[in-house]
Amino acid sequence: MSVICLENVVKQYGEVRALDGVNLTVERGEWLAIMGPSGSGKTTLLNLLGCLDVPTSGNVIIDGRKVAGLDTDGLTALRRETIGSIFQQFHLVPYLSALENVMLAQYFHSMADAAEAARALEAVGMGERLHHKPSQLSGGEQQRVCIARALVNYPAILLADEPTGNLDRANEEVVLELIRGFHQRGQTVILVTHNPEIARCADRMSVMSYGKLRACADASPAGPAATGDECAPRP
Amino acid sequence: MIARVLRASFWSDWRRKLFAVLNVALGTALATALLNLTLDVGDKMNEELRGFGANLVIVPRSDELPLRLGGVDFNPLARRGGVPLDRLRLLKEIFWRNHVMAFAPFLEERVSAAGGAVDLVGTWFDRAYPVLGDETFRTGLRSLNPWWHVEGAWPEDGEVESALVGARVAEKLGVAAGDPLTVRLPGQDRDARLAVRGVVRTGDGEDDRIFVPLELAQRIRGGAGLVDLVQVSALTAPDNELARQARHNREELTTRELDVWYCSPYVDAIAFQVEEVIPGVQVKPIRRISESEGVVVRKIQLLMAVVTAVALSCSGLGVFSLMTAMIASRRQEIALTKAIGASNRLLMLLFLGEMTLAGVVGGLVGYVAGVGICQLISVQLFASWAAVKPGVIPVVVLLAVAVSLGGSLVPVRLILRVEPSLVLAGE
Ligand SMILES: Nc1ncnc2c1ncn2[C@@H]1O[C@H](COP(=O)(O)OP(=O)(O)OP(=O)(O)O)[C@@H](O)[C@H]1O
Ligand SMILES: [Mg+2]
């Protein structure tokens with residue numbers, strides 16, 4: 001049962017065709033890396049997968065639900081229930097502590113639970129920094145808080161847009177390890193990166209170029225997943 | 001714990017919120033001041049207008065009225081009617097005794113001075129008049145007309161041959177405060193030498209009269225404790241529909257309406273009660289004042305309502321622009337919270353909740369400030385403290401919240417337009 005299914009998806013920004021007929025199927029528990037030059041449409045694709053945006057045409061099905069039929073509230077709910085996101089610019093709320101940033105995500109999801117939020121932060125090695133503000137944390141630490149925030153509600157899918165783009169080697173390794181741990185628990189990961197070494201950690205790899213997504217044979221042990229009938233939305 | 005998060009969010013933008021609170025407080029302060037004054041202005045105006053003389057006169061009932069024209073008694077043999085002086089005490093014993101602020105008896109005689117005729121009026125100037133429940137009560141011409149402009153001094157009631165001379169008489173006779181004034185008393189073959197204590201100018205009939213202590217006039221009249229008329233100054237409620245109905249046709253009122261009327265300080269109701277306790281008299285309201293009072297008060301209240309509405313609208317506009325700026329400056333944060341799962345409705349509720357809080361705080365601050373302003377105005381205009389009506393508090397706080405929310409309702413919809421994808425892309 002595929003958890004993500006895109007059929008001939010087009011996203012048009014005025015003159016710019018950011019996505020030009022993208023087809024993609026991702027199985028539950030898969031780790032997909034997406035590479036490609038700047039401006040090729042990678043972030044645009046992740047925005048669609050994260051229900052932050054809707055396609056101009058084509059079908060997007062996330063976790064069995066057709067995005068086209070949803071209004072803003074429906075998109076928010078779907079995102080809340082199934083998606084965890086981490087970004088290149090960490091995007092933490094500046095006036096809240098690490099713990100409170102994580103609790104905010106819990107609060108929007110269901111209910112805030114300080115103990116569980118603290119556990120999520122401990123899991124990313126931030127147990128000692130619960131009450132620091134983002135400005136008091138290093139880049140790597142901020143990204144770890146973001147990962148804790150993304151994972152605290154147990155999302156089915158983790159979307160990571162160049163999560164290590166602003167980090168040094170050591171922190172890159174830490175973040176990658178955390179993502180690997182998440183993946184090993186059987187969850188789905190979509191990771192956008194410019195770094196081929198990181199991409200190689202994934203089960204398979206695709207390349208974005210001029211708004212088109214192309215499977216890239218060499219990375220994956222499993223090979224590109226077949227596209228097709230599994231795309232039908234859940235009843 | 002989440003309360004801490006919400007609180008942190010509240011304080012993150014504290015400068016703008018402070019402005020919002022101040023903004024609401026300013027509007028509500030004005031509203032409170034005006035509301036309080038409006039509620040108070042009826043009483044205050046009354047008290048103020050009382051300064052402009054009596055609003056009731058007590059005269060003998062018409063069939064007992066002596067036939068006098070220009071001070072000449074054409075009916076000297078008829079039984080002289082009058083208002084019994086000793087009954088005046090009852091004015092301070094009726095139900096509305098505390099509304100009776102001052103009164104003075106008048107006894108008028110024509111005398112001649114320097115070859116011309118002039119009206120001599122015996123009255124009380126400022127007489128100690130202990131009454132039930134108020135041993136220090138004083139009454140007379142002076143408390144009846146506190147605004148009179150007197151050159152020199154007011155005469156003392158105890159000094160029988162002293163006088164307060166009207167300005168035109170003083171001019172004609174060429175006397176000033178401190179001069180002696182000789183008058184020929186009718187029926188007595190001697191002159192009275194009065195000491196002129198003061199000269200009064202009112203621009204009205206008083207300027208043609210000489211006021212002397214009542215005892216002197218009584219000596220001339222050979223009076224039996226009766227006076228010609230009594231002026232009374234009473235605090236009255238402005239006439240309303242019921243008061244007008246009662247005046248035109250009291251019989252048509254229901255028993256209940258009659259009770260209400262009787263127990264309200266309308267000028268007619270007070271007059272009615274005075275007639276009940278003093279036999280043989282007629283009490284006439286001096287309608288001119290008490291009627292215009294109602295009109296003036298109503299106009300002032302309308303004006304205040306308009307000013308209040310304008311003030312609150314301005315506050316609302318202020319909140320509008322602050323809210324717009326607040327959402328613009330927090331776009332990034334709003335986008336982020338949307339990206340991690342906050343719904344539009346929740347975010348709008350949070351913002352509106354913050355503005356409600358700002359409204360409550362602003363309302364309370366505004367109330368306190370407003371009471372202060374009200375007292376300032378009251379002291380300036382009426383030279384007395386305004387009565388603070390605590391009942392105004394909930395009204396004011398509700399108004400403040402309404403203003404705060406009203407101003408936020410449109411800008412809060414800007415939240416709907418924040419696209420998480422655009423803002424996260426880092427514009
Ligand atoms: N909101 C938008 N309005 C207009 N054009 C947009 C918008 N978002 C993206 N684009 C355009 O769509 C194309 C794809 O952009 P996108 O951000 O997906 O690239 P990317 O692959 O993520 O690049 P990078 O590696 O630099 O992050 C670009 O040409 C970009 O200018
Ligand atoms: Mg990008």
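What you see is a predicted model; the values in this text were computed from it and never measured. For the numbers below, each heavy atom of this structure counts, side chains included, while hydrogens, waters and symmetry mates do not.
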| said: Under 4.5 Å from any heavy atom of chain B, what part of A:Leu75 do you find: side chain, backbone, both or neither? | reply: neither
| request: Identify which of A:Asn153, A:Asn101, A:Ile83, A:Val93 forms the greatest number of heavy-atom pairs closer than 4.5 Å to chain B. | output: A:Val93
| request: Go through the steps to decide whether A:Asp161 and A:Thr43 satisfy the test side-chain hydrogen bond (donor to acceptor under 3.5 Å, both in side chains), and finish with yes or no. | output: CA-CA 7 Å; A:Asp161 194 351; A:Thr43 300; 2.9 Å; yes
Under 3.5 Å, side chain of [X] to main-chain N/O of [Y], donor-acceptor pair present?
X        : Y        : answer
B:Asp13  : B:Arg16  : no
A:Gln142 : A:Pro134 : yes
B:Thr28  : B:Tyr367 : no

| field | Region of B:Ile340 that comes under 4.5 Å of a non-hydrogen atom in chain A | value |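 Answer is both: backbone and side chain atoms of B:Ile340 are under 4.5 Å from chain A.
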